[in-house]
Structures are given as structure tokens and as C-alpha cells.
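What follows is a short report on a single structure.
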Amino acid sequence: MLNVNSNIQFIKGVGEKRARLFNSLGIFDVDSLIHFYPRKYEDWSKTKTVKEALDNEVVCIRATMITPVKESMIRKGLTLYKCRFSDGESIVDVTIFNNKYLAKSLRIYDDYLLFGKIEKNFTKASMSAPKIEKSDTGINIHPIYSATGKLTSKAILKVMRTALDEIGEIEETLTEEIKNKYNLISLDKAIRYIHFPRDEKDIVDARNRLIFEELLTLQLGLLKLKGNKKRQSAYKITSDYTDEFIQLLPFSLTNAQKKAMKECIDDLEGEHPMSRLIQGDVGSGKTAVAAGVLYTVIKNGYQGALMAPTEILAKQHYESLSKLLDGTGIRTGLLTGSVKASEKREIKSLLINGEIDLLIGTHALIQNDVEFKRLGLVITDEQHRFGVKQRAELANKGDGIHTLVMSATPIPRTLGLILYGDLDISIIDELPPGRQEIRTDVVNSSYNNRLYKFIKNAVDRGEQCYIICPAVDENELGVKSAEQYADELSEGAFNGYNLGLLHGKLKPKEKESVMKAFVDGDIKILVATTVVEVGVDVPNATIMVIENAERFGLSQLHQLRGRIGRGNKKSYCVLVSDSESENAQNRLMTMKRYTDGFKIADEDLKIRGPGDFFGEKQHGLPDLKIADMVDDVETLRLTQHCAKEILSNDFNLEHSENKNLSKRIDLMFKNIEY
């Protein structure tokens, strides 16, 4: 007898050869088969007569076969089978392509259901390649599965029926209390209804149960990971110096900044090391919050470290924080790859002796010979630019160190918990007063000459401009490359203007040199790829032109736009696109409509879905089989609450009623590395 752990090849009708086709779909045993859900359904329950059907409508017609099948070979490899059916009032001509098995199975005067598109004119009706079933099969709603060429949806359904007939009742994973509280049917019913629904209500009930369980499993797995990382803090602070720090600032903090700072201080005073993400839009003031947290940690007698992804950003942090902390007694240091060897030795010596309180730098901070005397807090800026391993190496410079990561990449609020499951999240969703709003326009390339004139006028006034291209090399994306465009502009429209080129294929030192020249104002117009996303401040840059803007995701466009408007001058972002796609134009108009990065991220998620939104496979995010991050937001919230309740009573899921749920977590997270 089969059970959920039985190998797929042992199901009747599968065998070793066919099992390999199932394996290609990720199906290896009965459990993965029954959790391979239909991608859609065809409703055969509502039949129409030929007369009722509209031309080109997809319909189901109940009819009797009234002529035998006629076979004709059109050419080698294409055989047509033709026959006629009647619904008792009208006749429909049916053509079957290359399906000898179906054609031979049809019997004259038997009753059938024909499902497909019907074509009608004044004299006749016809259907090409409809699906045909005996009218007494009893299946009203047909599930459709993602199939491979040699393994059809119908074949998967047949094997599914065999498996469900043989395995007996499927073991429950949720307690009666949870099922009653959230109005969920049993797992056994849900699995059977999702594959063989009697009506639409069965599908709704099955989906509600299976989506809830999948999101609950995900939440439990992530909360357990977060809980497992909670160890005793070796660096608990005893005094909060936030008010003293605020007195140092030449501006007022927003309420959102104050709230984020308080959440961090509460963590520092707690039993466990802080593990928090500060997520805020470009220019929302994350660095001020980080500086305030560092101030309190250092005033409590510990050292702090701030790691940035590039030398220029590290230097910018060093200069702004040194200036802010001047006169407070806090000693700062800068460690990057370009620091001379003699200076590096001196910095490392001062660090281990406790004579540097705050060390700012690049990945140079994680070198083995960089040792702290009493490191209490590690902050990583633009954290998505670093691997998990790099962040961990810095945190491992001590035991039970507090960690804070900052990101300006707007992630939809609904996905924040999923993507950063092992971190607590603080969101700064308020811009400081006086921050310039950027005017955004969408144009096509016919505006280029007017655009170039606009840029020249701005540069003549002493301002600077970015021109962003999606490709580094020619023909990489079938669009003009940054290199080619820079050459054309320097010889043409901007001849005589100091124009620079920045892209990812330049050596690190070359990149630093170009960016420094732009920051210093030596380069007036910078043609670049997306390497400018990372948060360097160039207050004098007031214009950004993004070529082939349809090639970028909305969140990426927003990140790029955030490079300008950082000074007190009016700033402009111009999205150039010749795409006639309605979808592309709608996306670009979203950029014109919204300035809030979180709203844009939500729109991006709706348009592209979570898979595309994240781009490359995100570390630590399991695949979801039935839940949808956009449509199932409310269920996501419910399962968060439910997961916390379960773990508060049984963190290791050792109680008998949670054992099967624990197995689902192990299955979901088995290929995930943290």
C-alpha cells in the first residue's frame, strides 16, 4: 500500500521511465505529488447549446457523435481526423489534429462533452482540437497542471487520482483549535478538493486551507530561525544617551527617526543582542539614526563599527560623523583598501588598545588582523551589497554583538518580514522637512535635443547631471551601451563639456577615481550604469536622465532617482523610453505619480510578482507553491499571529499536535541555507 513517503515510480501507471518526467517537475514521492497543485481549472459543469454559444467563445457543449471519424494526412507528420456532433438541434464540425488515440476511442451515437473555442458563421459551427470526454465521467471541473512535453496535464491527473485513492486519509497538521478559529477544513479534504473539486466552493475552501498552512509554515520556520539566534547579550547598555545626541544635531529628527532610534535602544537594553534592519527611503535619515545608536553604545564604554560597500561612501560617512562627533570625546578612524600600510598598522594598534571608539570602513574591516578591544555594535550600510557571510564575519569580531543593518532598497511592507525573517524591522517612512521633491517626466527619444539643451543650461549654471544607461557593452541588451553613448555625447551634444563614464566593468580604483571627480565637481556630466545606485551624496547633481527606462524595475528606478535632489536646488528626473508597450508605459507613469519608495515597491510587486521582484534568488527564501504575496496579504498577517501563539507555547514544536507541522517546516526549509 502507498503512503506519502512512497517513491513516485511505485504508483500504478508510472514506473521508472515516467518517474523521471515527474522528477523534472520536482515530484519525487507521493507527498510532493499531492502538493503539486493545479495552475488553473476549466469549468465543464455549465454546458451551452451551439445556438447559445457566441463566435470564438470557449464553451462546453454536450453532444452526440453522429458521423464516423474520417482520417486524412495533410502532409508528413500532420494527420487530421474529422467528425460531426449534434446537440439535438444544431451540428458542430470537429477537427482533431494528430491524436490517433482520441480519434480511435470515439464511438458513433455515444454522448460526449466538447470543451474548447467554437467558431460560428451563418451556415455552420466548428471546433478545432477541442478536449473531448465521455459525458458520464462525472468530472465537472477539470484541473489543469503545469506539464512537460511528454507528461500531459491529463496524465498527471490520472496518476493523482490513483495516488489519492490508495494512500488513505492524509494526516492532519493543524490542531482542531486552529482550524475552528480560522474556519479551515481538514488537510485531507483540502488536498482532495484542490485536485478533484465538485464545485467552486470546494476550490475556495481548499485554497484557503492550503494557503494558510503554507504561510504558517513559512512564518514558523522564519520565527524559529530568529529565535535560535537569540543568545544572551554580552553588551547590554545601562544608560540611554539619545537626548544628549539630539542636542548635537543641526536639525530636528522626524517622528519616524525618533521611533526607530527608540526601538534600537530598547534592543540594546534587552536580554538578547540586537538584530535589526532600519529600512527607509532614500534621504529619510537612516544614517542619523545609526549615529544616535552608535553614540549611546560608545558612551556606555563599547566600540562601534560601520561598514559601507564602497570607499567613497565609507569616506563620506567618516567625514560627516567625525564632524558631528567633534568635541564629544569620541575618537573615529577610517579603514579602507587605499589607506597606506603604515596608517593601517597604526589604526589596528589603536583599535585593539581601545583608543579608537568608532571605526568606519569597507570590507577591509572584516580582515582577520582587524581586532577590537570591546566591540559592542556593528552597522552595515546598504546591506544588500554585502553577502550574509561578510556581515556575519564582522559580527563575529566579538561574542553576542549587537548588529544593525540599513537599507534604502524599498521592499514592500508585506515582504519585509519574509525577506528579513531573522531581523526585527524598523521603518522610517517620513522624509525630513525641506527635502526637495524631484519632478519626474516620461518622454521618448524625440525629446533628446531639447533635453540636451536643458542639461547644458543647468551645467552652465554650475549644476551636474547623471545620464543612466542599462547596458555596459554594445548589443548586450539590444540597446545603446553606456560606452557608446558616452562617446557619442562627448563628440556631439556635449563636446567641450567635462563628461565622465562609470560602469561595473571598470576596476575598483578606476570607479573610485571617476566617482570622486564627480563628487568634487570636476566631472559635470556622468554617463553611468546602475553602479551609481549606492548612496553617495552629490548635492550639486540636479538632473538624472534614464535611457531605455523600461528596462529597469520600478524599485531600481526609484533608487536611481534618489541620487539627485540631495541639495537645496530644484531637481529633475527624466525617464526616456520609446517602448510602445502599455505595461511599460504604465510602470513609468507610476514613477511620475509616486515619490514614496514603499508605494512604488508595492506597485512593482503587483506588476512583477515576488519572484521577479527579487531578481536573483534571495538567500533564505523558500519557494511557495500556492500562496501569493500580493493576493494573500491578509492571510500572511493572520499566520504571523498564529505562528507566534504556537511558538509561545511550544517553541521546538515537540508537542504531539505540532509534530506534523514541524515536518512541513523541515520540508520547506530543507534546501535553504542561512
Side-chain angles (χ1 to χ4, degrees), residues 278 280 282-283 285-295 297-298 303-326 330-348 350-351 356-372 375 377-387 389-395 397 401 403-409 502 504 506-520 528 530-539 541 559 562-563 566:
I278 293 184
V282 173
K286 296 179 296 298
T287 308
V289 173
V293 180
L294 279 165
Y295 188 83
V297 167
I298 292 166
Q303 291 168 299
L306 177 90
M307 184 163 70
T310 65
E311 285 207 11
I312 198 156
L313 194 52
K315 284 174 188 166
Q316 200 163 280
H317 280 314
Y318 174 71
E319 285 163 10
S320 62
L321 288 174
S322 296
K323 185 179 174 184
L324 179 66
L325 300 172
D326 186 35
I330 291 176
R331 300 158 296 185
T332 57
L334 176 67
L335 187 63
T336 65
S338 64
V339 171
K340 291 176 185 175
S342 58
E343 287 179 47
K344 279 183 187 171
R345 283 195 296 274
E346 186 183 354
I347 288 168
K348 289 169 189 174
L350 292 170
L351 193 65
I356 287 179
D357 303 303
L358 171 58
L359 185 63
I360 300 158
T362 56
H363 58 273
L365 298 188
I366 61 178
Q367 301 302 314
N368 289 335
D369 59 347
V370 177
E371 294 180 50
F372 294 79
L375 180 61
L377 171 64
V378 165
I379 299 181
T380 314
D381 191 16
E382 293 295 341
Q383 63 84 30
H384 64 290
R385 298 277 170 166
F386 294 101
K389 189 166 178 283
Q390 285 177 310
R391 299 203 302 272
E393 281 173 356
L394 186 53
K397 296 283 181 184
I401 287 173
T403 58
L404 185 64
V405 292
M406 300 191 290
S407 178
T409 305
L502 182 70
L506 293 176
K507 291 175 183 172
K509 282 191 176 177
E510 290 176 306
K511 277 191 222 169
E512 294 284 342
S513 171
V514 172
M515 202 62 218
K516 185 176 186 306
F518 189 60
V519 170
D520 293 345
T530 56
V531 292
V532 298
E533 274 182 80
V534 175
V536 176
D537 261 336
V538 186
Q559 281 285 94
R563 297 299 103 234
R566 301 178 84 85

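We use all heavy atoms of the structure for the numbers below, so side chains are in, but hydrogens, waters and symmetry mates are not.
Looking at H317 and T332, their side chains never come closer than 4.5 Å, going by heavy atoms from C-beta outward. Taking the side chain as every heavy atom from C-beta outward, K344 and L335 approach each other to under 4.5 Å. Side-chain atoms of F372 and L359, non-hydrogen and from C-beta on, do get closer than 4.5 Å to each other.
If you take CD1 on I379 and CE on M406, they are separated by 6.0 Å, rounding to the nearest 0.5 Å. Taking CG of L358 as the reference point, atom OH of Y318 lies at 9.5 Å (rounded to 0.5 Å). If you take CG on D381 and NZ on K286, they are separated by 7.5 Å, rounding to the nearest 0.5 Å. Atoms CG and OG1, from L313 and T336 in turn, are 12.0 Å apart once rounded to the nearest 0.5 Å. The line from CD of Q316 to CG of L321 is 10.5 Å long, rounded to the nearest 0.5 Å.
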*Between L334 and K315, does a side-chain contact (heavy atoms from CB on, under 4.5 Å) hold up when you go through it step by step?*
CA-CA 7 Å; L334 176 67; K315 284 174 188 166; 3.8 Å; yes
_Run K511 and L502 through side-chain contact (heavy atoms from CB on, under 4.5 Å) and show every step you take._
CA-CA 6 Å; K511 277 191 222 169; L502 182 70; 3.9 Å; yes
*Passes side-chain contact (heavy atoms from CB on, under 4.5 Å), V293 versus I278? Steps please.*
CA-CA 12 Å; V293 180; I278 293 184; 5.6 Å; no
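With L325 as the fixed residue, the side chain to side chain contact (heavy atoms under 4.5 Å, CB included) test singles out one of D357, I298, I330: I330.
The nearest pair of heavy atoms linking L294 to A305 is CD2-N, 4.3 Å. In this structure, T362 and A314 approach most closely via the heavy-atom pair CG2-CB, 4.1 Å.
With no hydrogens or angles considered, no side-chain donor-acceptor pair links E512 and S338 at under 3.5 Å.
No more than 12 heavy atoms of other residues, nucleotides or ligands sit less than 6.0 Å from atom CD of E346.
Looking only at distances, no side-chain donor or acceptor of E343 sits under 3.5 Å from a matching main-chain atom of K340. Judged purely by atom type and a 3.5 angstrom limit, Q303 uses its side chain to pair as donor or acceptor with the backbone of I356.
With sequence neighbours excluded, the residues forming a side-chain contact (heavy atoms from CB on, under 4.5 Å) with K516 are I312, D520, listed by chain and number. S320 pairs by the side-chain contact (heavy atoms from CB on, under 4.5 Å) definition with nothing, not counting sequence neighbours.
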